[in-house]
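Remarks on the structure that follows.
Residue numbers begin at 1 in each chain, while the letters A, B, ... track the order of the sequences.
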Amino acid sequence: MADPTVAPLLVAGGTVLDADGSRRADVRIGGDGRIAEVGPDLDADGAQVLDATGCLVAPGLVDLHTHLRQPGKEEAETIETGSRCAALGGYTAVVAMPNTTPTMDSAAVIREVQELGRAALCAVVPSGAITVGRAGEQLSPMAELAELGVTIFTDDGTGVQDDRLMRRALEYASGLGVTLAQHCEVTSLSEGSCMHEGEWSSRLGLPGQPAEAEELMVMRDIALARLTGARVHLQHLSTAGSVALVRAAKAEGLPVTAEATTHHFTLTDACVASYDPVFKVHPPLRTDADVAAVRSGLADGTIDAIATDHAPHTTEEKERPFDAAPPGMLGLETALALALTELTGPDADPRLDVAEVLALLSWRPAAIAGIDDRHGGPVVPGRPANLCVVDADATWTVDRERTASRSRNTPYAGRTLRGRVRHTIYEGTPTVIDGDATR
Amino acid sequence: MRHLLGIDDLGRDGIDEVMALTDSFVEVSRRAIPKVPTLRGRTVAWLFYEDSTRTRLSFETAARRLSADTMNFSVGSSSVKKGESLRDTAQTIQAMGVDAIVVRHASAGVPWQLTRWLDCSVVNAGDGWHEHPTQALLDCYTLRHHLGSLEGRHIAIVGDVKHSRVAGSDVRAFAALGAKVTLVAPPTLLPASLAGWPVEVSHDLDAVLPEADVAYVLRMQLERQHEALVPSLREYTRTYGLTVDRARRLRPDALVMHPGPMNRGIEIAAEVAESSQAVIREQVSNGVAVRMAVLFLLLGSGRPDAHATADPVPTEVPLHG
Ligand SMILES: [Zn+2]
């Protein structure tokens, strides 16, 4: 929570863009951290002015899939450093994955994360584990965690393997009004693998996992959504087959939502040819055809949200042999720019407009996370002032050493991207001004 | 050439160059005192994360015959066991004044990773399921000795191609030299995709053998039956083993090869391995000369600062650079 009173702000000269469309308007933020007034040419009236000339003023971004590593892996990231990455990337809320040490499967750990999150530069929304210790055997105390405000449960890092347990989890969760999110991976098909199975894994002599390791679980969970009527959110979908399955499930009217990560529509398994573990992720980078399918899924609404799967790892861990290095890459600081560069650029196919990209990064994930009362909503008076101000045309080059993360595992170092976060405002307080974090 | 990581680093010309050098070193190996001062003052270190006595001994013999100093870094030692990183270990060895590191690792790609952190030469002595380039070079050398050119020759590679770094490098090398390669294995022992591989595939060894100039038999990892990649070793031998009966289908002038160590009675019958068609022992002895050629190519040429060049290089050895 922000202070009950914050210094009044005026975001001046920008174009407001939200789910209702775009209009030229200034935004005044009151001392209560809420939007006070939206309209052209507002007076500063003593408020701190943030220049937004030439920029879009949009609802803050929401990440459905962030690994903050705290508690347990503070050498790789903390809630503080991760939330700084988020703010720099335009985010005002991130859903923290529960695969911490200990797991977020108890009230005590959820409270610890919430407590640390109070001092963060964005809203830290803890997700709960579906099963105790993410071991896939026994349901976590979902009702108790839901009372603490947990709205999303996932065993991310692994999928729930047992069919019957997953059915029970869906039924139980639907009674609580919370969403189950699934990391889709059938481990009996993926065990021992470190990349996508195909032309490149064969050429590189690395053990691969077939696309079907993901698709079989997507298929099963869609069937279970049909059986139970419960809502299921499919995380970081990476294959053409998965996209097709979700498209069919939505056509059938099933309560299924899905996300894709920035790296699954910008990188392919050919990147692994360098044997640099910075390209190792779960699910693995796939083929050109999969990337194309993910992009069309983003364009036609099959995929509801772009997630980062921000997964910091220390340099030492990422200098292991490829098959032994942990999976994951940084994502919060580059997601918006990657999406704008790759999905709205002149060569993009299909080509999205900026509003569609923001829908994927802000209001749709906010709704999936169940936090759309505070995040991702329209920029109108009375709403909490969670905003990002984006210069959609500015270009910048990713510098590995300039990340706010404790880790350095970005595969995009040296890439020039279009779209730069200028300011981020979280509950009425600027967390980023002119591209720099305020604390 | 700075490193030898994979066969593609060499290409056809590079392979030819190694072959030509190997001829000279085979001659050296036949001398009463099979030693030349070529790499005196040079130090070669072994970094074997995976046991392989024969490959290590072969490299070590090659280095000694070139008068290089050798350093054996035992991975069983404390620092690695204590979790020292690959990078730290390699950089520590380099800091001791090493000119080349010969590395074997169970993970594919490790030699490539090392080159990002090291200034010295890196030689891949086998990485995971990926490549084992010096084995392929000694195989090419052995084949050339018997067949002259590999151009248009038909080589059947039989067995567990998927998990075989030898096959990985052999396919690349044989194809580069113009041979036709047929992989003969059950689908469970073939790579998931053969896109871009210049090979044909057969599941019928009996049909392939009469056509083959060479039957290259791969070692069967005995644990593959537990991974359900083959129902049993008995069935594997029945369908893909080079048994005595099956070997009769080979043309009399066809060659039998194996990278060793052999599981006699499983992928190859003892009698076949000992037959006059088998050139398996020759592969081993050529291994030393080929590795001498590789070390010479990496460390002996184009480096005028070396003590080694102050000594007379044997006239049979062509000079480079
Ligand atoms: Zn995951």
Side-chain angles (χ1 to χ4, degrees), chain A residues 75 187-213 239 268-280 284-290 313-327 400 408-409 411 413-414, chain B residues 5-8 47 49-50 80 83-91 103-117 122 124 126-133 160-169 171-172 183 189-199 201 227-229:
Chain A
E75 67 275 22
T187 51
S188 70
L189 269 182
S190 68
E191 205 176 339
S193 68
C194 60
M195 69 175 294
H196 172 68
E197 181 179 280
E199 183 179 342
W200 280 101
S201 66
S202 301
R203 203 180 288 186
L204 298 171
L206 287 169
Q209 61 166 282
E212 284 74 7
T239 79
T268 69
D269 57 347
C271 296
V272 179
S274 65
Y275 288 105
D276 186 342
V278 81
F279 294 105
K280 182 173 174 182
L285 300 176
R286 307 282 188 183
T287 66
D288 284 321
D290 294 309
H313 290 291
T314 62
T315 301
E316 195 165 37
E317 284 181 305
K318 278 293 192 183
E319 284 180 347
R320 291 185 193 156
F322 192 90
D323 58 3
R400 197 192 300 272
R408 293 289 176 273
N409 52 313
Chain B
L5 303 176
I7 288 297
D8 292 343
L47 182 54
Y49 283 84
E50 200 186 65
V80 173
E84 187 181 61
S85 74
L86 201 58
R87 180 182 189 152
D88 285 344
T89 303
Q91 286 181 335
V103 60
R104 165 166 292 200
H105 202 289
S107 299
V110 163
W112 279 259
Q113 290 177 286
L114 290 183
T115 59
R116 283 202 280 275
W117 306 320
V122 175
N124 182 0
D127 66 317
W129 305 346
H130 184 219
E131 283 223 43
H132 190 358
D160 186 0
V161 175
K162 177 174 181 169
H163 305 97
S164 171
R165 49 187 162 226
V166 173
S169 285
V171 165
R172 289 168 166 96
L183 304 178
L189 297 180
L190 287 170
S193 164
L194 288 169
W197 291 50
V199 296
V201 170
E227 297 167 25
L229 294 172

Closest non-hydrogen atom pair between [X] and [Y], with its separation:
X: Arg116(B); Y: Ser274(A); value: NH1-O, 3.0 Å
X: Leu204(A); Y: Ala108(B); value: O-CB, 3.5 Å
X: Glu197(A); Y: Ala192(B); value: CG-CB, 3.2 Å

Quiz item: Around Glu191(A), counting heavy atoms of other residues, nucleotides and ligands shown, do more than 12 lie under 6.0 Å from its CD?
Solution: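 It does not: Glu191(A) CD has 12 such atoms or fewer within range.
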Quiz item: Does some side-chain heavy atom of Gln113(B) sit less than 4.5 Å from a side-chain heavy atom of Pro277(A)?
Solution: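 Yes, their side chains come closer than 4.5 Å.
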Quiz item: Do the side chains of Trp197(B) and Ser202(A) get nearer than 4.5 Å, heavy atoms only?
Solution: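 A side-chain contact exists here, since the closest heavy-atom pair is under 4.5 Å.
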Quiz item: Given a strict heavy-atom distance threshold of 4.5 Å, which part of Arg165(B) is in contact with chain A: side chain, backbone, both, or neither?
Solution: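 Nothing of Arg165(B), per the 4.5 Å heavy-atom cut-off to chain A.
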Self-check item: Portion of His105(B) that has a non-hydrogen atom of chain A nearer than 4.5 angstrom
Solution: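 Contact with chain A involves the side chain of His105(B) alone.
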Quiz item: Do His130(B) and Tyr275(A) have ring centroids that are under 6.0 Å from one another?
Solution: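 Yes - the distance between ring centres of Tyr275(A) and His130(B) falls below the 6.0 Å cut-off.
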Exercise. Using a cut-off of under 4.5 Å on heavy-atom pairs, state which of Glu316(A), Arg203(A), Glu317(A) scores highest against chain B.
Key: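 Greatest number of close heavy-atom pairs with chain B: Arg203(A).
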Quiz prompt | Choice from Gly208(A), Gly198(A), Ala324(A), Ala273(A) maximising heavy atom contacts with chain B below 4.5 Å | solution =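 Ranked by contacts with chain B, first place is Gly198(A).
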Exercise. Identify which part of Pro207(A) has an atom lying under 4.5 Å from any heavy atom of chain B, answering side chain, backbone, both or neither.
Key: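 For Pro207(A), the contact with chain B is made by backbone and side chain together.
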Practice problem: Determine yes or no for a side-chain-to-main-chain donor-acceptor pair under 3.5 angstrom, with Glu319(A) supplying the side chain and Leu86(B) the backbone. | Solution: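 Such a contact is absent between Glu319(A) side chain and Leu86(B) backbone.
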